[in-house]
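The structure under discussion appears below in the form of structure tokens.
Just so it is clear: chains get the letters A, B, ... in the order the sequence lines come, proteins before strands, and each one is counted from 1.
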Amino acid sequence: MAHTKVLLVDDEKEFASALAERLQLRNYDVQAAANALEALGIVHSFRPDVVLLDLRIPGMDGIETLKAIKKFDSTIEVIMLTGHGDVQSVENGMKNGAFEYIMKPVDISELTVKINKAWQKKQVSR
Amino acid sequence: MDAQYENELRNLQMRFIGKIIAGFTHEIKNYIAIINESTGLIGDMMKVGKSVENDLPAYLDIIHSIEDHIEKTNGHFRYLNRFAHRMDSPLSSFHINESLEELIALLKRFANQKRIVFKQDYDTDKPTVYSNPAILQLIIFTFLEQNIMELEQESTITLQTTVTDQSVRVTIIPNGKRIEGSSVSIPSELLDIVIKELGGNISQDREKETIILLPLRPL
């Protein structure tokens, strides 16, 4: 599973950098973006396998960002990062093609299982 | 105040408290998430054999981040606690600047979503008003929320306090283009009744500024 390309989108820079480093230590190839615009730029250049997308990012709404990613490449799998109160956004995200969601604070083992499953789904759908 | 207005006011207050708690819990959850990842990262670094001697700056940076976010969490709890105690008595003397700071801290999350920045221009004399702090916060919250909803991204909202003869003037000044947006406002008749009960006065120009005048009383 080495070198699965992961894009982490979260405006909390310290959260993003710590989580990115933890994933890198687990052999994922990780890039991070702090807002929707930056994320879409990296999606084009980096071509991630999996995007970890915080639903409450500044700029474009998280769901709109999800739609834009899927429109660019429907095989990119998106895992939503969310707080407990975002049930409606999660449902909306799943309807719009998100692969999974994970609650913050993140359990790293649970997250890597979900990333690996998303990567496997992407290989099948290619 | 008649029962219908009373009921309407209670509903607005419930909505206001719900919004504040939602913003608060979201913010705290973010701080906990950062602390969680930071402690996890320290554990991961140790597991892969990064020694404290060789990687001391990296370890210290992470520890500093943890301390910083524990302090932020503590500060946020302080704001919420003070906010909750605003409802202890219907009328009291309180520092208006502190009350505004509390609202800004608890509303920051919503403003950040649109990259809207709050600017503070407070009277340095720390004016004290005699009013109903919970109702006053509801009124100011409603105007701030209205502006957040109706302003374009990256706008600013300035909160200004100034002392005049026998009153304190709170001015909310939006700076940015207006967009289509639905927001909740206090019906004007109800607002008139409430502000009269507070012994104050409101003048509002949606495009420009909202001015709230409140009676000044020493502590």
Side-chain angles (χ1 to χ4, degrees), chain A residues 2 6 8-28 30 32-39 52-65 79-90 101-112, chain B residues 18-50 55 57-73 108-117 148-149 151-155 179 181:
Chain A
V6 177
L8 171 56
V9 189
D10 198 299
D11 62 321
E12 292 290 348
K13 284 183 183 167
E14 282 162 300
F15 169 80
S17 73
L19 183 56
E21 206 170 333
R22 297 189 77 193
L23 290 171
Q24 280 158 356
L25 287 170
R26 287 165 173 78
N27 288 325
Y28 295 95
V30 186
N35 58 57
L37 199 65
E38 193 184 345
L52 304 177
L53 175 65
D54 184 3
L55 287 175
R56 290 181 181 233
I57 46 170
M60 199 190 286
D61 167 53
I63 299 297
E64 292 305 312
T65 311
I79 298 171
M80 298 174 285
L81 292 169
T82 177
H84 286 299
D86 297 337
V87 180
Q88 207 173 358
S89 301
V90 166
Y101 69 92
I102 191 159
M103 297 283 191
K104 279 183 177 180
V106 171
D107 178 322
I108 194 79
S109 308
E110 187 189 346
L111 177 63
T112 54
Chain B
K19 278 263 180 184
I20 291 291
I21 292 172
F24 171 82
T25 50
H26 196 93
E27 201 69 13
I28 294 297
K29 192 179 280 286
N30 268 330
Y31 294 155
I32 291 173
I34 293 167
I35 294 167
N36 181 60
E37 289 319 315
S38 302
T39 52
L41 181 56
I42 288 176
D44 288 349
M45 286 164 69
M46 286 175 163
K47 279 180 202 159
V48 298
K50 287 194 175 187
D55 291 287
Y59 278 106
L60 288 177
D61 277 353
I62 301 167
I63 289 166
H64 177 72
S65 169
I66 293 169
E67 288 171 342
D68 182 40
H69 284 92
I70 289 171
E71 181 48 41
K72 282 181 177 167
T73 304
K108 218 169 191 173
R109 188 80 208 159
F110 300 112
N112 283 350
Q113 289 297 120
K114 287 181 75 178
R115 295 184 192 162
I116 288 175
V117 175
I148 291 170
M149 298 293 284
L151 283 170
E152 256 189 4
Q153 290 200 18
E154 294 175 16
S155 299
I179 52 165

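Distance CG/L41(B) to CG/L23(A): 10.5 Å, rounded to 0.5 Å. Going from atom CD1 of I62(B) over to atom CD of E21(A) covers 6.0 Å, rounded to the nearest 0.5 Å. A distance of 12.0 Å separates CD1 in I34(B) from NZ in K13(A), rounded to the nearest 0.5 Å. One distance of note links NZ of K29(B) with OG1 of T82(A); it measures 8.0 Å at 0.5 Å rounding. Distance CZ/R56(A) to CZ/F110(B): 7.0 Å, rounded to 0.5 Å.
A pairwise comparison of heavy atoms in P105(A) and A33(B) identifies CB-CA, 3.9 Å as the closest pair. The shortest heavy-atom contact between V106(A) and N36(B) is O-ND2, 2.9 Å. Residues D44(B) and R22(A) come closest through the heavy atom pair OD2-NE, 2.8 Å.
Atom OH of Y31(B) has more than 12 heavy atoms from other residues, nucleotides or ligands within 6.0 Å. No more than 12 heavy atoms of other residues, nucleotides or ligands shown are found within 6.0 angstrom of CG on L37(A).
With salt bridges taken as basic N to acidic carboxylate O contacts below 4.0 Å, one links R109(B) and E12(A).
No part of D10(A) comes within reach of chain B, as not one of its non-hydrogen atoms sits under 4.5 angstrom from that chain.
No side-chain heavy atom of K47(B) sits under 4.5 Å from any side-chain heavy atom of L25(A).
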